[in-house]
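Bear in mind that the values here come from a model prediction, so they are computed numbers and not experimental data.
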Amino acid sequence: MKELVVISGKGGTGKTSLVASFSTLAERKVLADCDVDAADLWLILEPRILRRKPFSGSKKAEIIEEKCTACGRCEEVCRFEAIRGTGPPEDRVYRVDPIGCEGCGVCFYICPEKAIDFQERINGEWFISETRNGPLVHAKLGIAEENSGKLVTLVRKEAKHLAEERGLDLVIIDGSPGIGCPVIASVTGADLALVVTEPTLSGQHDLERVTKLTAHFGIPTVVCINKYDLNPQMSAVIEGWAREVGLKVVGRVRYDPAVTKAQIMRASLVEYTGGKIAEEVRSLWRHIVYELG
Amino acid sequence: MKIAVASGKGGTGKTTVATNLASVMAEEGQKLVYIDCDVEEPNGHIFLKPAIRRRIPAGIPIPQVDTEKCTGCGLCGQICQYSAIVVINKRVLTFPQLCNGCGGCSLICPVGAIKEVPRQIGVVEVGTADGMDFVQGFLAIGEVRATPLIKKVKGSAPPGEGISIVDAPPGTSCPVIESVKGADFVVLVTEPTPFGLNDLKLAVGMIRELSIPFGVVINRSNVGDEEVKRYCQTEGIKILLEIPEDRQVAEAYSRGELAINALPEYRSRFRQLFKSVERNFKGKG
């Protein structure tokens with residue numbers, strides 16, 4: 001079984017739209033939406049949820065007021081400025097800011113009165129769903145929650161597990177923008193990374209950083225230039241750069257308002273149109289299949 | 001006044017809004033600092049072309065274990081919530097990448113065998129661009145945690161009473177929260193598509209949790225559908241500005257040029273945006 005991960009560095013280059021098309025074109029696969037921060041693939045695939053489970057990725061501290069003697073030790077040791085005492089010295093009240101708390105537990109271990117509660121918290125949900133284009137594993141990180149990396153790892157694991165269970169050969173992962181925690185969790189150990197870029201200076205800058213990341217983790221990487229005709233010179237520059245550093249450009253997809261229209265119709269691009277852009281996406285998919293081997 | 005520019009979805013035009021807004025205000029003689037908190041993929045510099053005066057390596061404290069003193073008691077491994085320090089067969093192993101610098105292990109070690117040493121996770125750059133101060137951070141490739149670097153970027157802004165404009169990373173999780181924390185007003189940039197709307201709802205949920213006044217900018221307002229507007233109306237969310245899709249602006253963007261320079265009429269649009277932000281901030285504050 002193989003894992004293909006689609007990432008971009010810069011946001012909004014068209015990852016999810018392409019993954020939606022791949023979901024129509026690929027056979028025998030499981031889809032995994034690992035952009036748990038802003039998951040959008042479900043909007044196109046309209047999943048029927050088979051199983052939903054809570055996700056618990058971190059603990060948070062809470063002060064038990066009755067036990068607290070207001071010694072202030074917790075405020076001293078917290079490096080994240082998440083604990084603050086208010087009120088006059090003789091009647092001080094300490095509270096943990098749940099958004100600032102990083103769940104390190106130092107206050108819990110240090111409190112001489114054992115007046116701090118330190119419990120696992122539910123900070124998201126994950127789902128196994130059925131869609132018209134195959135099974136989908138997706139998730140929703142709670143608002144203002146951390147540890148998206150853990151949730152990404154969980155979604156990937158479950159998608160692989162599902163593929164094995166059903167005897168499917170491929171997992172297609174929709175990644176998130178950036179190069180940090182959730183992206184690292186979505187690329188490590190994947191068989192192929194497709195980086196979707198656009199012909200802008202920002203796109204090029206972010207492409208360079210994110211391909212350094214995949215190289216750092218030893219992930220075979222190919223590139224697709226989306227909306228290539230918005231600035232053909234810039235596309236040529238990116239292709240030249242890719243050649244120089246030994247990255248294969250496996251696809252060029254034009255700018256077409258049909259992409260937005262398909263999204264509004266809750267269809268993948270190749271479901272929505274048979275135009276030239278659809279041919280470019282099909283060609284891109286054939287190249288990816290070849291690269292996956 | 002601190003203004004943060006954020007969005008749930010990536011690529012909606014945060015940097016476009018933040019850089020053009022900053023430039024227009026600096027032109028008007030406002031004392032201003034631009035703070036690029038998208039340390040994973042910072043792009044503000046492409047448009048503002050700052051002259052960087054200082055590069056400051058940024059690190060977090062990580063444990064260094066003195067094996068002579070260590071008794072292998074295992075307390076450090078118990079307190080660490082990130083598996084950054086573990087004790088196996090009385091031997092201590094550290095995984096610096098996973099450490100978030102809480103200091104718990106060195107605090108709890110009964111024999112003082114753990115010392116904290118800095119480990120670089122990125123760099124903060126400070127400079128000036130066209131009459132404004134400029135700060136940005138670059139997360140080193142392969143680093144997991146952006147949040148501590150974002151803190152350092154924010155902390156490196158020059159002191160004073162002026163206006164700061166924070167360019168936040170996309171999403172709704174910890175790096176975004178760190179970026180918008182402390183802002184007086186948040187500008188949420190979205191686009192009128194199903195993805196844009198879904199991610200806007202998530203971003204609104206996050207900003208409401210933080211109780212910061214906010215408004216919405218709809219970018220590429222003439223593509224897509226009316227659902228974003230309908231949502232804003234139903235929720236009583238102020239639409240601060242609509243920017244129609246324009247080939248000339250898109251091309252200027254692709255070359256790393258500001259919209260206000262490519263199309264001078266955009267100048268008044270971004271001036272209006274600032275006035276609108278000020279009005280809404282005062283109205284709610």
Side-chain angles (χ1 to χ4, degrees), chain A residues 8-14 16-17 36-40 43-44 58-59 77-80 99-100 102-106 109-110 141 143-149 176-184 198-203 205-206 209-210 212-213 216-217 230-231 234 257 260 263-264 266, chain B residues 7-13 15 38-43 46-47 78-82 100-104 107-108 138-139 141-147 169-177 181 191 193-195 198-199 202-203 205-206 208-210 223-225 247 250-251 253-256:
Chain A
S8 68
K10 180 173 165 11
T13 58
T16 304
S17 290
V36 296
D37 231 32
D40 286 336
L43 290 166
I44 302 299
S58 64
K59 296 181 179 177
V77 297
C78 177
R79 291 215 172 140
F80 308 105
I99 292 172
E102 299 214 1
C104 69
V106 174
Y109 282 96
I110 230 72
L141 192 66
I143 281 169
E145 289 294 349
E146 33 209 310
N147 260 317
S148 48
S176 53
I179 60 162
C181 160
V183 181
I184 291 174
E198 59 179 33
T200 65
L201 272 179
S202 304
H205 176 263
D206 298 352
R209 278 172 68 77
V210 80
K212 271 187 197 154
L213 182 81
H216 180 89
F217 288 104
L230 272 186
N231 186 336
M234 187 60 71
T260 302
Q263 203 185 101
I264 290 168
R266 303 290 196 262
Chain B
S7 76
K9 178 169 161 29
T12 54
T15 303
D38 189 358
V39 299
E40 294 179 44
E41 297 288 18
N43 289 146
I46 293 172
F47 301 90
Q78 279 169 34
I79 194 172
C80 182
Q81 298 296 312
Y82 311 99
N100 94 333
C102 72
L107 197 65
I108 208 151
F138 283 89
L139 186 69
I141 305 292
E143 285 299 329
V144 177
R145 293 177 190 278
T147 314
T172 56
S173 62
C174 27
V176 186
I177 287 159
K181 214 159 60 180
E191 55 184 37
T193 62
F195 292 179
N198 183 54
D199 300 351
L202 298 170
M206 171 193 71
R208 283 187 173 153
E209 190 92 351
L210 295 167
V223 304
D225 57 19
R247 181 102 195 181
E251 279 172 12
Y253 175 86
S254 76
R255 293 188 301 264

What part of [X] is in contact with chain A, defined as an atom under 4.5 angstrom from a non-hydrogen atom: side chain, backbone, both or neither?
| X | answer |
| --- | --- |
| B/F195 | both |
| B/S173 | both |
| B/P175 | neither |
| B/I46 | side chain |
| B/E41 | both |
| B/T15 | neither |
| B/R247 | side chain |
| B/P169 | neither |
| B/I177 | side chain |
| B/F138 | both |

What option among [options] has the most heavy-atom pairs under 4.5 Å with chain B?
| options | result |
| --- | --- |
| A/V183, A/D40, A/I99 | A/D40 |
| A/V106, A/I264, A/N231 | A/I264 |
| A/G103, A/C181, A/C104, A/G12 | A/C104 |
| A/H205, A/R266, A/K212 | A/H205 |
| A/R79, A/H216, A/M234 | A/R79 |
| A/S58, A/G105, A/G14, A/S202 | A/S202 |

Can you tell me if [X] and [Y] form a side-chain donor-acceptor pair at under 3.5 Å?
| X | Y | result |
| --- | --- | --- |
| A/Q263 | B/T193 | yes |
| B/N100 | A/E102 | yes |
| A/D37 | A/S176 | no |

Shortest non-hydrogen contact from [X] toward [Y]:
| X | Y | answer |
| --- | --- | --- |
| A/A38 | B/L202 | CA-CD1, 3.9 Å |
| B/V39 | B/A146 | CG2-CB, 3.8 Å |
| A/P199 | B/S254 | O-CB, 3.4 Å |

Please determine, among [options], the option with the most heavy-atom pairs under 4.5 Å with chain A.
| options | value |
| --- | --- |
| B/G103, B/C80, B/S7, B/G13 | B/G103 |
| B/R255, B/Q81, B/K181, B/R208 | B/Q81 |
| B/C174, B/P170, B/G104, B/C102 | B/C102 |
| B/N198, B/T12, B/D38 | B/N198 |
| B/G171, B/A250, B/P194 | B/P194 |

Subject >> N/O donor-acceptor pair under 3.5 Å between B/Y82 side chain and B/G101 backbone >> reply: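 Here the side-chain-to-backbone pair does not exist.
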
**OP:** May I ask you to decide if A/K10's main-chain N or O and A/R209's side chain share a donor-acceptor pair within less than 3.5 Å?
**Re:**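 Looks like no, no N/O pair under 3.5 Å.
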
Original post:
Under the side chain to side chain donor-acceptor pair (under 3.5 Å) test, which residues partner A/T200, sequence neighbours left out?
Top reply: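 Once residues adjacent in sequence are excluded, the partners of A/T200 under the side chain to side chain donor-acceptor pair (under 3.5 Å) criterion are A/E198.
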
Is chain B contacted by the side chain of [X], its backbone, both, or neither, given a heavy-atom distance below 4.5 Å?
| X | answer |
| --- | --- |
| A/P177 | both |
| A/F217 | side chain |
| A/I179 | both |
| A/V210 | both |
| A/L213 | both |
| A/I184 | side chain |

Original post:
Taking only residues two or more places apart in sequence, or in another chain, which ones meet A/I110 in a side chain to side chain contact (heavy atoms under 4.5 Å, CB included)?
Top reply: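 Testing A/I110 for side chain to side chain contact (heavy atoms under 4.5 Å, CB included), a comparison that skips the adjacent residues, returns A/R73, A/V77, B/L107.
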
Subject >> Distance, nearest 0.5 Å, that separates CD of B/E40 from CD1 of B/I141 >> reply: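 Rounded to the nearest 0.5 Å, the CD-CD1 separation comes to 10.0 Å.
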
**OP:** Starting from the C-alpha separation in whole Å, work towards a yes-or-no answer on side-chain contact (heavy atoms from CB on, under 4.5 Å) for B/M206 and B/V176.
**Re:** CA-CA 9 Å; B/M206 171 193 71; B/V176 186; 3.7 Å; yes

Original post:
Can you list the steps and then say if B/E251 with A/L230 is a side-chain contact (heavy atoms from CB on, under 4.5 Å)?
Top reply: CA-CA 7 Å; B/E251 279 172 12; A/L230 272 186; over 6 Å; no

